[in-house]
Peer 1: 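Let me give you the structure first, and then I'll get to my questions.
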Amino acid sequence: MSEDALWTALADPHRRAIVGLLLERSRPVGEIVDACGLSQPSTSKHLKVLREAGLVRVRQDAQRRVYALDPAPIAELDAWLAPYRRLWNRSLDALGRRLDETAAPTDDPEEPSPKD
């Protein structure tokens, strides 16, 4: 499975919706079809892309195909995003500090006091 295949698979909103459903629990194809509001052939095509990207696993349960999320590729994406998350957190921390500074009470005599 390549990193490009993961990003390509997750680029489609229908496939992200399927991943979200499978995050809750394993589901048979029919249930995924119903939840997504797509046709069965369209859902199967999306599931094939997710399976080929390694994001989902499938098992046979009698006549049903049951899909489950494979957490390993998600962990790889999380590791790839970690440096960006740290950058974002630093920016949010700086914003929080700035907001705290601007929200601090002032000693300006022109400023009405809360009692007025």
Side-chain angles (χ1 to χ4, degrees):
M1 113 194 73
S2 75
E3 190 176 286
D4 287 342
L6 293 174
W7 289 111
T8 299
L10 292 172
D12 184 274
H14 295 295
R15 291 192 287 267
R16 288 194 307 273
I18 292 169
V19 168
L21 287 169
L22 296 177
L23 180 60
E24 297 168 4
R25 61 182 169 79
S26 299
R27 296 175 188 261
V29 174
E31 196 175 307
I32 296 169
V33 168
D34 292 341
C36 291
L38 299 171
S39 68
Q40 195 280 327
S42 180
T43 301
S44 290
K45 287 178 185 178
H46 287 301
L47 287 166
K48 180 181 178 188
V49 171
L50 291 170
R51 192 175 61 248
E52 289 174 349
L55 288 162
V56 299
R57 296 182 300 243
V58 62
R59 67 178 167 80
Q60 200 72 30
D61 180 24
Q63 298 299 321
R64 302 181 321 164
R65 294 174 65 104
V66 179
Y67 283 83
L69 193 61
D70 186 341
I74 302 294
E76 290 176 27
L77 291 177
D78 184 58
W80 186 88
L81 288 168
Y84 301 97
R85 191 176 302 110
R86 285 192 297 272
L87 175 68
W88 183 249
N89 286 339
R90 282 194 302 265
S91 297
L92 287 175
D93 290 344
L95 175 61
R97 285 190 301 275
R98 179 68 180 133
L99 291 173
D100 289 344
E101 291 168 5
T102 59
T106 63
D107 293 332
D108 186 355
E110 299 293 317
E111 212 36 57
S113 72
K115 298 177 204 166
D116 294 340

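As a basis for the values below, the full set of heavy atoms in this structure was taken, side chains included, without hydrogen atoms, waters or symmetry mates. Because the structure is a prediction, the values reported are computed rather than measured.
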Peer 1: Keeping to residues at least two apart or across chains, list the ring-ring contact (aromatic ring centres under 6.0 Å, His included) pairs with something in residues 8-64.
Peer 2: His14-His46
Peer 1: Name all pairs fulfilling the salt bridge (Lys or Arg N to Asp or Glu O under 4.0 Å) condition that reach into residues 9-20, sequence neighbours left out, sorted by first residue then second.
Peer 2: none
Peer 1: What donor-acceptor contacts under 3.5 angstrom involve side-chain atoms of residues 88-96, with partners at least two apart or in another chain?
Peer 2:
{"from": "Asn89", "atom 1": "ND2", "to": "Arg85", "atom 2": "O", "distance (Å)": "3.4"}
{"from": "Ser91", "atom 1": "OG", "to": "Leu87", "atom 2": "O", "distance (Å)": "3.2"}

Peer 1: With rounding to the nearest 0.5 Å, note down the distance linking CZ in Arg57 to CG in Leu50.
Peer 2: 13.5 Å
Peer 1: Which atom pairs, donor and acceptor, lie under 3.5 Å between side-chain atoms of residues 64-74 and protein residues at least two apart or in another chain?
Peer 2:
{"from": "Arg64", "atom 1": "NH2", "to": "Asp61", "atom 2": "OD2", "distance (Å)": "3.1"}
{"from": "Tyr67", "atom 1": "OH", "to": "Arg51", "atom 2": "NH1", "distance (Å)": "3.0"}
{"from": "Asp70", "atom 1": "OD1", "to": "Ala72", "atom 2": "N", "distance (Å)": "3.2"}

Peer 1: Arg98: which residues meet the salt bridge (charged side-chain N to carboxylate O under 4.0 Å, His left out) condition with it, sequence neighbours left out?
Peer 2: Glu101
Peer 1: Using residues 17-29 as the side-chain source, report each donor-acceptor pair under 3.5 Å to any protein atom, sequence neighbours left out, with the distance given to one decimal.
Peer 2:
{"from": "Glu24", "atom 1": "OE1", "to": "Arg27", "atom 2": "NH2", "distance (Å)": "2.4"}
{"from": "Arg25", "atom 1": "NH1", "to": "Glu31", "atom 2": "OE2", "distance (Å)": "2.9"}
{"from": "Arg25", "atom 1": "NH2", "to": "Glu31", "atom 2": "OE2", "distance (Å)": "2.6"}
{"from": "Arg27", "atom 1": "NE", "to": "Leu21", "atom 2": "O", "distance (Å)": "3.0"}
{"from": "Arg27", "atom 1": "NH1", "to": "Glu31", "atom 2": "OE2", "distance (Å)": "2.7"}

Peer 1: Lys48: which residues meet the salt bridge (charged side-chain N to carboxylate O under 4.0 Å, His left out) condition with it, sequence neighbours left out?
Peer 2: Glu52
Peer 1: Can Val58 be reached from Val56 by stepping across I, L, V, M, F, W or Y side chains whose heavy atoms are under 4.5 Å apart?
Peer 2: yes
Peer 1: Show every ring-ring contact (aromatic ring centres under 6.0 Å, His included) that has at least one partner inside residues 19-40, sequence neighbours left out.
Peer 2: none
Peer 1: Please find the pair of heavy atoms, one from Leu99 and one from Thr102, that lie closest to each other, and give the distance.
Peer 2: O-OG1, 3.1 Å
Peer 1: Taking transitive links into account, so neighbours of neighbours count too, which hydrophobic residues share a cluster with Val49 at under 4.5 Å side-chain distance?
Peer 2: none
Peer 1: Taking side chain to side chain donor-acceptor pair (under 3.5 Å) as the definition, give me every residue that meets it alongside Ser44, ordered by chain and number, with sequence neighbours left out.
Peer 2: Gln40
